[in-house]
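Just so it is clear, the values below take in all heavy atoms, side chains as well, and ignore hydrogens, waters and symmetry mates. This one's a predicted model, so the numbers in the text were calculated from it and none came from an experiment.
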Amino acid sequence: MDLSFLSLPSDTWTASAACLGLPPDTVFARKPAEAAPALGACARCPVARQCEETVAPADTWFDGVCAGRLWRNGRPVSLGKRGGHRRRAA
């Protein structure tokens, strides 16, 4: 996986990223509970679109948080509620 975007100069869009300063194990988490701080940061991030365009999670088989979603092997992870109850279609 190409992570060269992590070393972009500080005058790029990354300087405005809401996840800036979060620990890498949070940003690159594979489990929703571990990724929660990064997902929260994405919710208020002004550069989420640039992040998704640069990281291209589906194309790079990305694992972690990008543009408000948790990705595993380049696929978005469902963060729906668990507990055995499924919502019925109306």
Side-chain angles (χ1 to χ4, degrees):
M1 174 183 345
D2 178 19
L3 298 178
S4 60
F5 66 91
L6 293 175
S7 61
L8 291 171
S10 62
D11 61 342
T12 67
W13 62 268
T14 58
S16 299
C19 65
L20 190 65
L22 287 177
D25 59 338
T26 299
V27 177
F28 298 106
R30 291 178 51 93
K31 297 179 181 178
E34 297 168 1
L39 290 166
C42 281
R44 64 180 190 284
C45 188
V47 294
R49 184 174 2 150
Q50 292 94 326
C51 178
E52 188 167 18
E53 289 171 359
T54 302
V55 175
D59 297 335
T60 61
W61 291 63
F62 182 76
D63 286 339
V65 177
C66 177
R69 289 183 277 180
L70 179 60
W71 299 83
R72 192 174 304 134
N73 297 324
R75 294 181 180 202
V77 174
S78 173
L79 298 176
K81 292 183 180 180
R82 296 182 187 188
H85 298 289
R86 291 189 176 186
R87 184 179 287 176
R88 292 184 189 181

Enumerate, atom names and distances included, each donor-acceptor pair closer than 3.5 Å involving a side-chain atom of residues 22-40, sequence neighbours excluded.
{"unit_1": "R30", "atom_1": "NH1", "unit_2": "D63", "atom_2": "OD1", "d": "3.1"}
{"unit_1": "R30", "atom_1": "NH1", "unit_2": "D63", "atom_2": "OD2", "d": "2.6"}

With sequence neighbours left out, the residues meeting side chain to side chain contact (heavy atoms under 4.5 Å, CB included) with C66 are C51, E52, V55, P57, F62, W71

Kindly give the heavy-atom pair with the smallest separation between S16 and C45, and that separation in Å. O-SG, 4.5 Å

Just so I know, are the side chains of C42 and V65 near enough to count as touching, which here means a heavy-atom distance under 4.5 Å? yes

